[in-house]
Amino acid sequence: DECIEVCNESVRLAKRTYRCTCLGEVLYNRAWALVRRNLKGDSTVAANDALLARNFFEIMGNVTYVERVERFIKDNNLLEK
């Protein structure tokens, strides 16, 4: 839960300051933590965060992270829920 709260604060800070270079990593980390926590509704939020992270990395041209997030989505069946 602490990891998720840190990620939430990081997203709020990125939105407030318009400094988003680490936003993809933050969204990926939050998705990872939500999948591990596995409470009701976590998988839906995790899927959304993972897709946003994937899109962010694609825009930034970071092919390695695009592949990593796609593997995470597949391994955790996030699009099938």
Side-chain angles (χ1 to χ4, degrees):
D1 288 343
E2 184 179 353
C3 177
I4 294 166
E5 186 51 43
V6 169
C7 290
N8 289 341
E9 183 59 29
S10 297
V11 170
R12 285 190 291 270
L13 185 62
K15 287 178 181 179
R16 191 170 66 240
T17 63
Y18 301 104
R19 295 183 182 204
C20 302
T21 57
C22 294
L23 192 54
E25 288 93 343
V26 170
L27 291 167
Y28 174 78
N29 288 339
R30 185 166 66 180
W32 183 91
L34 288 166
V35 165
R36 298 306 173 270
R37 186 172 74 172
N38 198 29
L39 295 179
K40 184 176 181 174
D42 282 353
S43 63
T44 302
V45 177
N48 185 53
D49 283 354
L51 289 172
L52 287 172
R54 186 225 172 272
N55 292 340
F56 187 85
F57 290 131
E58 186 172 34
I59 290 167
M60 298 298 285
N62 192 330
V63 177
T64 302
Y65 274 89
V66 168
E67 292 170 353
R68 180 177 293 164
V69 174
E70 286 176 346
R71 190 170 47 251
F72 171 78
I73 291 169
K74 182 180 177 187
D75 290 350
N76 291 286
N77 301 313
L78 292 179
L79 296 181
E80 297 176 9
K81 293 184 179 183

* Asked: With hydrophobic residues grouped by side-chain heavy-atom distances under 4.5 Å, do Val6 and Trp32 end up in a single group?
  -> no
Worksheet item: Going through the checks in order, is the side chain to side chain contact (heavy atoms under 4.5 Å, CB included) test met by Arg71 and Lys74?
Response: CA-CA 5 Å; Arg71 190 170 47 251; Lys74 182 180 177 187; 5.7 Å; no
Residues 15-26 vs side-chain hydrogen bond (donor to acceptor under 3.5 Å, both in side chains), sequence neighbours excluded, gives none
Practice task
For the residue pair Leu79 and Leu51, establish whether any side-chain heavy-atom pair is separated by less than 4.5 Å.
Solution key: yes
Members sharing Val63's hydrophobic cluster, built from side-chain contacts under 4.5 Å between Ile, Leu, Val, Met, Phe, Trp and Tyr, are none
Minimal heavy-atom distance between Ala14 and Cys20, with the atoms involved, is O-SG, 3.9 Å
**OP:** Kindly determine whether Arg30 and Glu9 satisfy salt bridge (charged side-chain N to carboxylate O under 4.0 Å, His left out), including the steps that lead there.
**Re:** CA-CA 11 Å; Arg30 185 166 66 180; Glu9 183 59 29; over 6 Å; no
Honestly curious: do Leu13 and Leu23 fall in one hydrophobic cluster under the side-chain, below-4.5 Å linking rule?
-> no
### Task
Answer yes or no for Arg68 and Tyr65: cation-pi contact, defined as NZ/CZ to six-membered ring centre under 6.0 Å and angle to ring axis within 45°.
yes
In short, Cys3 meets Asn29 closest at the heavy-atom pair SG-O, 4.5 Å
Rounding to 0.5 Å, atoms OH (Tyr28) and SG (Cys22) come to a distance of 15.5 Å
Item checked: ILVMFWY network linking Val26 to Leu52, side-chain heavy atoms under 4.5 angstrom -> yes
Using the rule that two of Ile, Leu, Val, Met, Phe, Trp, Tyr join whenever any of their side-chain heavy atoms come within less than 4.5 Å, decide whether Val45 and Val11 are in one cluster. no
Value for CZ (Arg37) from OG (Ser43), rounded to nearest 0.5 Å, stands at 11.5 Å
When every non-hydrogen atom of Val66 is compared with those of Glu58, the smallest separation belongs to CG2-N, 3.4 Å
side-chain contact (heavy atoms from CB on, under 4.5 Å) test vs Leu34 passes for just one of Asp49, Asn48, Asn76, namely Asp49
Arg36 meets the side chain to side chain donor-acceptor pair (under 3.5 Å) criterion, sequence neighbours left out, with none
Looking only at heavy atoms, the pair that brings Val69 and Ala53 closest together is CG2-CB, 4.5 Å
**Request:** Could you check if a side-chain atom of Val35 sits within less than 4.5 angstrom of a side-chain atom of Leu78, using non-hydrogen atoms only?
**Result:** yes
